[in-house]
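Below: the structure, in structure tokens.
Here the structure is a predicted model, which means the values were calculated and not measured.
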Amino acid sequence: MSRLLPFLVALLLLPRSARADDTHYQTFLIGERALGMGGAATGVGSEASAVFYNPGGLALTRDNGFSGNLSINAYDRRDIDQGYGSPLGVRDLTATSRPAVPVFASGVAKFGRRDADGVRPHAFAFTTLTPVQRSLRMTADLADGGVADTLRIDQDSRALYLGPSLSFRLPRRVGFGMSLFLVTQRFRHAEDQVVVTEGEGDPSTGVFTNNTLFVRESLLSRTTRHLVARLGVTWQPAPRWRLGLMVQPPGSELTGEASIRERISFADLLSDPATALLLFDDQRGLDANAPIPFELRVGASVQATEDTLLALDVSVHGPRGSAGDRYRTYGAPSPDPVTGNTPLPGLFVEEDAYRTAEVNLSVGFEQVIRDAVPLRVGFFTDRSAAPAISGPTDVFQAAQVDRYGATFTLGWLAGGFELSVGAAALFGRGTGLRVNPDAGGAVPETYLPTDVRDRTVYFFVSGYKRAAQVLGRQAWNTVRDRRRNPTPETETPPEEEAPAPEDEATPTAGDGE
């Protein structure tokens, strides 16, 4: 245990802080077509996911409807080479995911006088979506000469978007739109570390002697709320072409609050006299920052044939802070007035952060087979906005891992309803930081560069119901008839099937439904 004491003291005294992996922008895709086409949706825009990718495209949808998708994070893993180390040795850190289910749901209502093509020109939508939802767990176990060191990390991050969208179609096939979202970001990072020596046990009493124990438990919770506007325009210069542009200014922060809890226990029965120490701090109401950057998306799509669609997107996310102007992810806690201890949230975290500007690309292909089976394939990048890691450091920062992904979906079109199932896979490799086992010794820095690998696979089910208005009419007719004939003895007239509106034809690749 004596070999570990300088190491533990060094870790307790050096800077530590917390931040989720907020460095990627295209990990989880949403929407019917966007899911299958790698997020290439800004220049397509004729489905409910336009509320996110390009609100101007909502006005080009043909009918009322409801769209939703459910993703299941089947495999999410991050490997950090020799991620944790102490005088007992080093171990790789492997972060594996716990169940996470990102959700997208949006209802679209068309309004306005029907145009010559029979389509109402304007649209209103209300949406809820979670483009970020990740739960990771890392563990490391070291043992040498009767001394054991165990580290466990649990990290959860989530972003919830909730709000309305409004879109207007002008002559010459131009659509303008805006989405206004209340964005709630929640983050939780918990670390537990236990270092213990095996003492000599007395079987008659069950008491262990000559042992030592060190326990550190820390927890950071952070919640921020922003108001985010996404403005979009879609232009159809020719029947087969669509161009799209979406601009999102930086998010306007409404609230931000964090809390830190830390408990440290230490007992040494090898010393004479035996010593013990207990520190407990719980500080709430700290400031919190999780900025939402500027975003620009440009996209184009072309209907190559009646059943074939090609799409391309380029997205740009602006920087957050800079190397010389970092932002604090949470407010500085105060030292305890009795013990003088300042609570800190963990080893694998950031206190002062900044993010670089990043560009991503999405390419998508759609083929509708026999007017009933849409097949979609997409490729996309998910590059990291984390700054480069150059060498040993005392300050933890997020790993820089560029990811590349592919998507595939297969669907079914029938009666104004589309159902698709598919999968997305992402792979990436980059540089992160690992704990220096010689911290405080020959190499004083707390962290050293190391290789990091990411692999993510998730499955999804997505559906869009163009016939929602028909079902609504049928439900209303049923309620109306029951009100007119409230007694059981009265025979209810047979329900009339609501006629399909003139624009309720089975969708094709051209109309985007």
Is the backbone N or O of Lys110 less than 3.5 Å from a side-chain atom of Asn64, with the two atoms forming a donor-acceptor pair by type? yes
Short side-chain to backbone donor-acceptor contact, Thr407 and Leu35, under 3.5 Å: yes
When the ring planes of Phe181 and Phe52 are compared, do they come out parallel, tilted or perpendicular, using 30° and 60° as the limits? tilted
What's the shortest heavy-atom distance between Leu219 and Ala190, and which atoms? CD1-CB, 3.9 Å
When you compare the side chains of Ser135 and Asp156, does any donor N or O come within less than 3.5 Å of an acceptor on the partner? yes
I need the minimum non-hydrogen distance between Gln400 and Ala388, along with the two atoms involved. NE2-N, 3.7 Å
If you look at every heavy atom in Ser179 and Pro55, which pair is closest and at what distance? OG-CG, 3.4 Å
Ignoring hydrogens and geometry, is there a side-chain-to-backbone donor-acceptor pair from Ser167 to Phe176 under 3.5 Å? yes
In this structure, which one of Arg78, Arg77, Met138, Arg453 forms a side chain to side chain contact (heavy atoms under 4.5 Å, CB included) with Thr94? Arg77
What class does the angle between the rings of Tyr458 and Phe28 fall in, given that below 30° is parallel, 30 to 60° is tilted and above 60° is perpendicular? tilted
Ala290 backbone acceptor or donor facing Gln185 side chain under 3.5 Å: yes
When rounded to the nearest 0.5 angstrom, what is the spacing between CG in Leu129 and CD1 in Ile30? 4.5 Å
Would you check if the side chain of Glu366 reaches a backbone N or O of Pro374 as a donor-acceptor pair within less than 3.5 Å? no
May I ask you to say whether Arg326 pairs ionically with Asp352, meaning some side-chain N is under 4.0 Å from a carboxylate O? no
May I ask you to check if Arg376 and Phe365 form a cation-pi contact, with NZ or CZ under 6.0 angstrom from the six-membered ring centre and within 45° of the axis? no
Taking Glu257 for the side chain and Arg222 for the main chain, is one N or O donor matched with an acceptor at less than 3.5 Å? no
One thing to verify: whether Asp282 and Arg261 come together as a salt bridge, which I'm taking to mean a side-chain N less than 4.0 angstrom from a carboxylate O. no
